[in-house]
Every structure is written in structure tokens, then in C-alpha cells.
Amino acid sequence: MPGITDITSHREKISDVTDRFAIKNFVLNDASLIVPDQSLDESFIFNGFVLAMCLKGEANLRINYRDFLLKEGHIFTYMPNQISRVLKRSDDFLIENLFLASDYVLQLPLPKDFDLLKKISLEPVQKIKPEAMHNMFELHSLIAKHHRRKDNPHKELQTKSLIFALLMEVAAVYSNAAPQIPSAVSRQEVLTDNFFKIMLKDFKKERSVAYYANKLCLTPKYLSMTVKKITGHPISEWINEAVTIEAKRMLKATNMTALQISEELNFPNPSFFGRFFKQYAGMTPLQYKNS
């Protein structure tokens with residue numbers, strides 16, 4: 001496996017994100033944001049942004065319920081709080097990742113361009129010119145080089161400046177990209193997208209269809225029918241997947257007890273949480289924590 005380099009922010013320990021196909025992964029902010037030794041082959045939810053640059057090969061990605069193809073010479077930008085997974089990849093697939101916590105990015109003087117954010121959300125995968133890819137790799141290498149320096153008392157500020165420059169390169173790619181021919185978006189797709197936005201914000205406390213239907217001013221029956229039609233899976237599966245992903249993160253990346261996790265995820269008691277986790281993860285919480 002290629003070497004993995006971590007960058008820390010505020011001198012906090014950072015978890016590795018390791019896969020044989022992923023190199024030079026950087027995570028900023030605290031280690032509880034993501035599971036230690038997180039595999040991108042597994043579903044994950046990250047409260048931040050992820051930039052992936054494809055060096056070779058290709059992979060099919062799923063973001064919430066939409067599928068994308070990431071190929072050599074493409075970049076992929078993940079927006080915060082989405083269910084993400086690599087569905088399938090070629091044997092030679094190789095990517096370089098940058099993980100940035102939302103709080104870290106919000107500290108940067110980024111332009112308030114909501115149209116750009118919408119474009120990234122709708123078209124997260126972009127083919128870029130070799131020169132643009134070279135610029136991104138160069139900045140990525142400089143970030144690692146300067147942060148590793150022991151003799152620079154201003155390295156955190158310097159690192160932040162380089163990350164800002166890299167994000168501006170990414171913004172330029174999306175701003176200059178030729179607009180895709182928009183496909184007709186049905187009302188049901190809009191409702192499904194709105195459901196995911198609310199669900200991925202509130203799933204820790206609310207798991208009833210009625211709650212989300214009420215938020216969207218719909219009947220539970222209509223919302224259930226819509227999400228099933230658009231995604232191919234019932235609402236309960238999406239909520240349970242999000243809860244399972246978050247439970248795994250808490251078990252691996254924090255020192256919380258089963259009781260604390262069950263309370264945080266709004267289970268009636270630890271026994272109920274244990275049964276739920278075993279059903280969806282295939283092992284008990286303790287087995288998973290020690291695995």
C-alpha cells in the first residue's frame with residue numbers, strides 16, 4: 001500500500017483513511033469525524049468536503065441514490081452529509097483524496113457563490129485538463145511538504161493558505177466547465193432530494209416516516225411511494241443505513257459507551273440498539289468496536 005500522510009489541525013490526532021487504491025489522504029479537524037481506517041468501499045457519511053483526483057482506472061460511485069462514473073483525468077467533489085460509496089472499481093483504480101471538515105472550510109474566505117455549489121452538487125464529477133490536474137497535484141504536494149516542516153512556527157497558516165489556493169483551483173474547474181444538458185427533473189426527484197437533505201440532518205433523532213412527511217408537507221404514504229419509486233429502496237432502508245454508518249463511526253472513532261451511543265441515536269435502551277446494530281452490521285457493537 002502507498003504511504004499515508006496525515007495532516008493535523010490544532011495539533012489533534014487524525015484518523016487514517018486507508019485503501020490500497022487511495023493515496024495521500026488528508027483529514028483536517030478532529031479524529032471523531034470519520035472511522036479510523038475508513039474504507040471508501042464502505043458507505044460513509046462525512047460532515048465535510050472531499051476532493052478526489054483520479055490518477056488511473058475508473059470507479060462507479062453512488063452519492064445518496066445517484067450514480068457517477070469517475071475516470072482517469074477526472075475530479076470528484078463530495079458535498080457534506082451525503083451517503084457515499086464506491087460501488088465498483090477497476091483493478092488499476094487509483095485516487096488521491098483530500099478530506100476537509102466543514103468547520104475548517106467555513107473559516108476560509110471563500111466566495112459566496114451559491115450557483116457554483118449547486119453545480120458541484122448536481123455535477124460532482126468533472127473531466128479536467130492535464131494542466132489543471134497538474135496544478136492541483138502540485139498544490140497537494142506543497143500542502144504535505146510545508147506541513148511536515150518542523151522549523152516553521154507558521155506552518156498551520158501556510159497550510160491553510162495552500163488549501164485555499166487548491167479550493168480556488170477546484171472552483172475554477174467547475175465555473176469553467178461546459179454546462180451539462182439538463183435533464184428534466186421531476187417533482188418526485190425534487191421531493192426525494194429534499195427528503196435526503198432533512199433525513200441526513202435529523203436521522204439521529206427521528207426515524208419515523210411521518211416526521212419527514214410532515215417536514216415536507218406530504219402524507220407518509222405519498223412520501224414513501226415517491227422515495228421508493230425514485231431510489232428503488234424504501235425510506236426505512238435509507239434511514240437505517242444512515243443510523244448504522246453513524247453508529248459504526250461512534251464505536252470506532254470515539255470512546256462513547258453503548259449506552260451513550262444508544263441515547264445519542266435515540267434508541268430506547270442499549271439492548272435495543274445492540275439488536276438493531278447486529279441486524280444491519282452483522283455483529284454486535286462490541287465485536288465491531290474490537291474488530
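Among residues two or more places apart in sequence or in another chain, the salt bridge (Lys or Arg N to Asp or Glu O under 4.0 Å) test is passed with Asp193 by Arg66. Listed by chain and number, the residues in a side chain to side chain donor-acceptor pair (under 3.5 Å) with Asn290 amount to none (sequence neighbours excluded). Residues forming a salt bridge (Lys or Arg N to Asp or Glu O under 4.0 Å) with Glu246 (at least two apart in sequence, or on another chain): Lys204, Arg249. In this structure Phe68 satisfies the ring-ring contact (aromatic ring centres under 6.0 Å, His included) test with no other residue, sequence neighbours excluded. By the ring-ring contact (aromatic ring centres under 6.0 Å, His included) test, His233 is found to be paired with Trp238, residues two or more places apart in sequence or in another chain being considered. Residues passing the side-chain contact (heavy atoms from CB on, under 4.5 Å) test with Thr219 are Lys221, Tyr222, sequence neighbours excluded. In this view, Asn255 satisfies the side chain to side chain donor-acceptor pair (under 3.5 Å) rule with no residue, not counting sequence neighbours. Partners of Asp151 by side-chain contact (heavy atoms from CB on, under 4.5 Å), not counting sequence neighbours, listed by chain and number: Arg149. Remark: Phe164 engages no residue in a ring-ring contact (aromatic ring centres under 6.0 Å, His included) (not counting sequence neighbours). Under the side chain to side chain donor-acceptor pair (under 3.5 Å) criterion, Glu58 pairs with no residue at all, not counting sequence neighbours. Taking Tyr78 as the reference, nothing meets the side chain to side chain donor-acceptor pair (under 3.5 Å) condition, with sequence neighbours excluded.
Relative to the ring axis of Tyr212, Arg207 does not place its NZ or CZ within 45° and under 6.0 Å from the centre.
For residues 263-286, no pair satisfies salt bridge (Lys or Arg N to Asp or Glu O under 4.0 Å), with sequence neighbours left out.
Put simply, Leu162 and Leu108 are part of the same group of oily side chains (I, L, V, M, F, W, Y) that touch within less than 4.5 Å, one to the next.
Checked by atom type and distance alone, the side chain of Lys56 never pairs as donor or acceptor with a backbone atom of Glu72 at under 3.5 Å.
Checked for salt-bridge contact, Arg62 and Asp67 meet the test: a charged N lies under 4.0 Å from a carboxylate O. A salt bridge is defined here as a Lys NZ or Arg NE, NH1 or NH2 lying under 4.0 Å from an Asp or Glu carboxylate O, and Lys215 with Glu206 fails to meet this definition.
Note: Phe46 and Phe99 have perpendicular aromatic rings, judged against thresholds of 30 and 60 degrees for the angle between ring planes.
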